[in-house]
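Order of listing sets the numbers, starting from 1, for every ligand and every atom in it.
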Amino acid sequence: MIRDAVANVYLSASDLIYPLFVTSGEKICPVESMPGVNQLPVQDAMDTIERLAAKGLRQFILFGVTPQRQKDPAGQYACDEQAPVNQTLRAVKSKGLEVLMYADLCFCEYTDHGHCGVLHSPDEPAKASQWVVDNDRTLEILGKTAVVQAGHGADVVAPSGMIDGQVGAIRGALDAAGHEHVAILSYSVKFASDFYGPFRDAGEGAMQFGDRRGYQMDYRRVDEWRTELQGDLAQGADMVMVKPALTYLDIIHQVRSSCSVPVVGYHVSGEYAMLHAAGEKGWLDLRATALETTYAIKRAGADLIITYFAPQLLDWLSD
Ligand code: PBG
């Protein structure tokens with residue numbers, strides 16, 4: 001009783017954002033390294049959103065799974081009205097569901113090379129040793145894609161590629177197209193992490209060569225996040241993200257105290273997978289450790305938490 005009476009970190013459905021992988025395939029496809037997570041056809045994604053919204057979960061972030069044949073060097077399929085993210089946004093809006101829809105805005109799910117932006121000399125066969133992201137061209141297509149996602153019904157666009165200048169470019173493009181009310185959640189503080197491994201299976205966005213260290217942060221640097229954060233805030237980010245969450249609780253805490261916009265912690269795929277793996281072996285109690293972990297992210301200072309545990313947390317928190 002006393003423990004409950006003096007507890008002062010709270011977790012509820014309104015803190016949670018649930019990631020969904022939407023596919024143009026026709027079948028629900030389980031993601032092996034993320035038990036309980038599936039690639040969902042549009043209709044199934046809709047059913048999931050409706051079911052969870054009825055239980056009080058109101059925030060969803062969409063990632064697109066793109067068939068290989070639709071991928072190209074510039075990720076143009078992201079703008080296609082048949083792309084599953086765009087279809088799902090339209091379906092949610094036309095049904096009038098009272099939910100907040102975030103659209104991940106990155107090209108790694110759409111490019112044939114798997115990088116988060118357009119590369120220099122895309123006409124030449126990409127060679128592992130000479131790739132480099134063409135920042136300015138990427139900004140241009142990020143702006144265009146944000147406008148398309150907003151047009152299909154995204155309430156928030158979430159650029160996750162750590163491309164320099166992305167927030168300003170997207171804000172400019174959205175405003176010019178009359179989408180002033182669409183917010184930007186920037187993945188401002190994103191570390192180059194091996195904990196993203198299972199996500200790359202789920203999103204089928206693994207790189208064909210190279211790595212993301214050129215545009216994601218090095219975890220051995222203490223203060224680099226300040227520059228990224230200041231840049232994004234100055235360009236108009238409405239919310240900022242720290243990712244991963246569990247291994248970066250110190251950063252969440254510092255980001256929270258150094259800005260006034262909402263801070264989002266992303267409890268990423270590898271962090272989810274490791275709790276599941278230990279739980280399956282009987283080495284850890286899944287429910288207890290998932291709750292403890294999510295509370296820790298909240299306690300560190302996250303206002304919102306993106307987590308694959310969201311549906312289970314709904315049940316566990318109401319038990
Ligand atoms: C792509 C993106 C990644 C994640 C979210 N958006 C992977 C990456 O940067 O390689 C990872 C999420 C997770 O691991 O759950 N820009």
### Message
Quick test of your reading of the structure: of M241, E109, K190, whose heavy atom lies closest to atom 16 (N) of ligand 1?
### Response
K190

### Message
For the aromatic rings, using the six-membered ring if either is Trp, is the centroid distance between F195 and H267 under 6.0 Å?
### Response
no

### Summary
Per side-chain contact (heavy atoms from CB on, under 4.5 Å), F309 is matched among L314, L16, L286 by L286

### Message
Suppose I only count heavy atoms of C108 and a 4.0 Å limit; which atoms of ligand 1 are within that range?
### Response
1 (C), 16 (N)

### Task
With atom 7 (C) of ligand 1 as the reference point, say which of F199, F63, Y266 has the nearest heavy atom.
F199

### Message
At less than 4.0 angstrom from any non-hydrogen atom of Y308, what atoms of ligand 1 do you find?
### Response
12 (C), 13 (C), 15 (O)

### Message
Heavy atoms only, cut-off 4.0 Å: how does S269 contact ligand 1, side chain, backbone, both, or neither?
### Response
both

### Query
Minimum heavy-atom separation for I252 to G265, with atom names?
CD1-CA, 4.3 Å

### Message
In this structure, does ligand 1 have an atom that sits under 4.0 Å from one of the heavy atoms of Q216?
### Response
yes

#### Entry: Any residue meeting side chain to side chain contact (heavy atoms under 4.5 Å, CB included) with A288, in chain and number order, not counting sequence neighbours
D285

### Message
Can you tell me which portion of S160 lies within the under-4.0 Å heavy-atom range of ligand 1? Options are side chain, backbone, both, or neither.
### Response
both

### Message
For the residue pair D15 / Y10, report whether a side-chain donor-acceptor contact shorter than 3.5 Å exists.
### Response
no

### Query
Taking only heavy atoms of C106, which atoms of ligand 1 are found under 4.0 Å from at least one of them?
16 (N)

### Query
Contact between G161 and ligand 1, counting heavy atoms under 4.0 Å?
no

### Task
Record the part of Y272 in heavy-atom contact with ligand 1 below 4.0 Å; permitted values are side chain, backbone, both and neither.
neither

### Query
Any side-chain donor-acceptor pair under 3.5 Å between D47 and Q43?
yes

#### Entry: Within-shell test, E271 vs ligand 1, heavy atom, strictly < 4.0 Å
no

### Query
Should the pair D232-R171 be classified as a salt bridge under the 4.0 Å nitrogen-to-oxygen rule?
no

## Note on the structure
Quick note on ligand 1: atoms under 4.0 Å from a heavy atom of K243 include exactly 2 (C), 3 (C), 4 (C), 5 (C), 6 (N), 11 (C), 12 (C)

Validation: residues 239-249 side-chain donor-acceptor distances under 3.5 Å, sequence neighbours left out:
none

